[in-house]
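Whatever order the structure lists ligands and atoms in, that order sets their numbers, starting from 1. Keep in mind that the numbers below use all heavy atoms, side chains included, and drop hydrogens, waters and symmetry copies. The first residue of the sequence shown is numbered 1, and numbering continues consecutively from there.
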Amino acid sequence: MTPLSENPFTLGVASGDPLPDSVVLWTRLAPAPHEPGNGLPADGSIAVQWELSEDDTFRRVVQSGTADAPAADSHTVHLDLRGLEPDRVYWYRFRADRWISPVGRTRTAPRPDAAVATARFGLLSCQQFDEGYYTALGHLAREDLDAVFFVGDYIYENAINAQGGARRLADPLPSFYDHWTLTLEDYRQRYALYKSDPELQAAHAAHPWYVTWDDHEVANNYAGDISQDNDPVDQFRARRAAAYRAYWENMPLRRPQRPSGPDLNLYRRFSYGRLAQFDILDTRQYRSDQAYGDGWHTPGPETRDPARTITGDAQERWLLDGFRASTATWNVVAQQVAFSQHKETPDDDARVSMDTWDGYSASRDRVLAGVERAGVQNLVILTGDDHVHFAYDVKKDFDDPDSATLGVELLGTSVSSGFDGDERLPDWETTLAANPHLKYYDGRRGYVVVTLDPQRVRGDFRTIAKVTTPGAPITTAASFASEAGAPGLQGA
Ligand SMILES: [Fe+2]
C-alpha cells in the first residue's frame, strides 16, 4: 500500500441499524475531501484497521480486525459487527496507515424479550448545507440518546454557489459544487461536502442512526421512476442509480441495503426490547406519480384512487403484516412525509399537498384500516420534510374531529433547510380551524427528542433561534405526551 501522506479521516465515523448483537460501523477515507476521487487511487482497495472497545480509552478492546475500503465504494467501510452484548454502549475507531480516526460511540439494541424502562431517540431531517449551520446537530451530539432517526433530505441536489448562495460559508467552496448533482461522482462529492461538517460528524460519532431518505437524496419531488420534470425514464433511472449508490456508500447500512442499479431495499424493521417496534419506510421509491401535479391541490378522484400508492404494494403488505405480528408496546413508524391530513384552509375544497400522504389518501386509509384490524393502540409516526415542527393526533377520519384517535404523529423540523424560520405561523388560527387534530407548530430549526416508556411517549420539540450564524443555544419550545392505550397528544 502506498503510504497516506495526508489524514484520510476527514469525513468522520458513523454507526447504525443497531440489533441486539450487532451494529454497523462506517467511515470513508478522503485525504482531499473537496476533490473528485478524494485524493485516492481510482482502483484497488485500502486496508483499514478497526477496534471496538467497552471504554472510550480503548483499554478494554473486545473486537478488532481489518476491513477493506475499496475504491469501487469510494473508499467507504461498512463493517457489520456480530457477537456483541445487547443494550450495551461501545466505542470504536479506525486506523489507516499512521492515521487514526475520531472515536465513535455506539449502542446495541436490547434483546427482543427485554423489558426496557425508558429509551430516548433523536428525530432529524432536512439539512441543506447552504441554508444554515448544523448547530442543531452539535446540540444533538450532546443529548443522552439511545439512537437517532434521520428521516430524509440528508443532502440536497442543488447547485451551491459559494460566492452568492451559500449563506453559512465563511470560506469559499470549490466551484466544483456549483452544479446540480446528476452523476455518481456528483453525489459522492455532495456527501463529502456535507460530511466535512464537524457538527454532523459529532452527531454521527455520538449515537447510532437509523436512516431513511426522502426526495432530495436524488431530486426534488420524484416519484418512483418519474422525476419532477418528467425526464425520460431511462435517464432518470440512471440518475437514481447514481444517487442510491452514493447513498448506500455514505450511510451506516448493511449489505442487504446495497443497491442493485436503481433499486435499493431501504424499508426495514427493528425491535427495541418489548418496548418498541420500528418500521422504517421508503415512500419515494415505489410511489405512484403525484396527483394533479406536485404542488397543492384540492383532493379529487385521483388522490382517492385505490390503484395509486405511496408505499408500493409489497411495502404496504409488509407494514400491515408487521402490525399484526407486533407484540411491542409502541409501534413506531419512521418515515419521510406528513401522514396526517393538513388542509390549507377550513373550506370543504381546501387544498392539500400532493407530495404527502394527503395526495395518496387511499394508501393512508389502507394503513389506518390495517392499524385498526391489527389492534395497534400505540402508533407513533415520526416524520420530517416540512421544515417546521408539527404535532398531530392521527384520526380514523380526519374530517370528523369526533372520530377515534388511532395514534400520534410527531413531525420534526429541519436541521438547517429554510434558513432561520419564524416561530409563529401568521395564519395559525386558520390552520388550526382547518386541522383541529393539529396540536403544535414552530417554524424554527431544531430536532425532536422522543422518549418512550411503557406508560407514555413524549416528544420534546427542541428549537434554535438562528442557523445563519453559528453557535445558537438550544431550547425546548414545547413538549407533548400521549398515554399508552389511549392515544392523543397532551401538553407535557
Ligand atoms: Fe427538506
Side-chain angles (χ1 to χ4, degrees), residues 122-137 140 148-160 165-168 177 180-181 187 190-191 193-195 197 199-200 203 209-223 227-228 240 243-244 246-247 250-251 266 280-285 287 290 294-296 310 334-340 342 352-359 381-390 392 409-422 425 441-448 461-464 467-468:
L123 173 61
L124 296 172
S125 62
C126 297
Q127 51 186 20
Q128 187 162 348
F129 187 86
D130 44 318
E131 292 197 341
Y133 286 92
Y134 290 166
T135 311
L137 296 175
L140 176 124
V148 169
F149 293 97
F150 192 98
V151 294
D153 294 354
Y154 190 101
I155 58 161
Y156 284 69
E157 77 279 26
N158 61 295
I160 301 174
R167 294 270 293 275
R168 66 180 268 182
Y177 299 109
W180 292 68
T181 53
Y187 284 105
R190 192 54 57 98
Y191 283 100
L193 171 64
Y194 278 52
K195 284 175 170 287
D197 184 283
E199 289 176 309
L200 176 55
W209 289 28
Y210 299 97
V211 299
T212 188
W213 55 32
D214 193 20
D215 50 345
H216 289 287
E217 284 85 352
V218 182
N220 187 47
N221 280 4
Y222 82 93
S227 75
Q228 180 172 240
R240 195 177 100 170
Y244 283 12
Y247 185 79
N250 284 284
M251 294 296 137
L266 196 56
I280 298 172
L281 304 191
D282 172 3
T283 63
R284 278 291 155 194
Q285 190 172 181
R287 66 160 70 191
Q290 288 88 350
D294 293 1
W296 288 65
I310 194 170
Q335 55 96 47
Q336 22 301 110
V337 291
F339 184 86
S340 299
H342 191 106
V352 297
S353 169
M354 291 297 110
D355 192 53
T356 67
W357 288 76
D358 273 339
I381 301 175
L382 304 180
T383 309
D385 182 49
D386 275 326
H387 305 176
V388 299
H389 283 313
F390 281 130
Y392 298 98
E409 179 174 16
L410 306 175
L411 189 155
T413 190
S414 63
V415 167
S416 60
S417 305
F419 304 104
D420 294 332
D422 294 309
L425 198 63
Y441 171 91
D442 192 305
R444 295 172 296 179
R445 309 285 74 86
Y447 55 89
V448 187
F461 289 86
R462 305 268 207 260
T463 61
I464 46 183
V467 294
T468 50

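Note on ring orientation: taking the six-membered ring where Trp is involved, the planes of F129 and Y134 are perpendicular (angle over 60°, cut-offs 30° and 60°). W296 and H342 have perpendicular rings, their planes meeting at more than 60° on a 0 to 90° scale where under 30° would count as parallel.
Taking 2.8 Å as the criterion, S125 does not count as a coordinating residue of the Fe ion (ligand 1), since none of its N, O or S atoms falls below it. The nearest N, O or S atom of H216 is not closer to the Fe ion (ligand 1) than 2.8 Å.
Taking T413 as the reference, H389, R445 meet the side-chain contact (heavy atoms from CB on, under 4.5 Å) condition, with sequence neighbours excluded.
The N, O or S atom of D153 with the smallest distance to the Fe ion (ligand 1) is OD2.
H216 is not listed as a side-chain neighbour of Q128, based on a closest heavy-atom distance of 4.5 Å or more.
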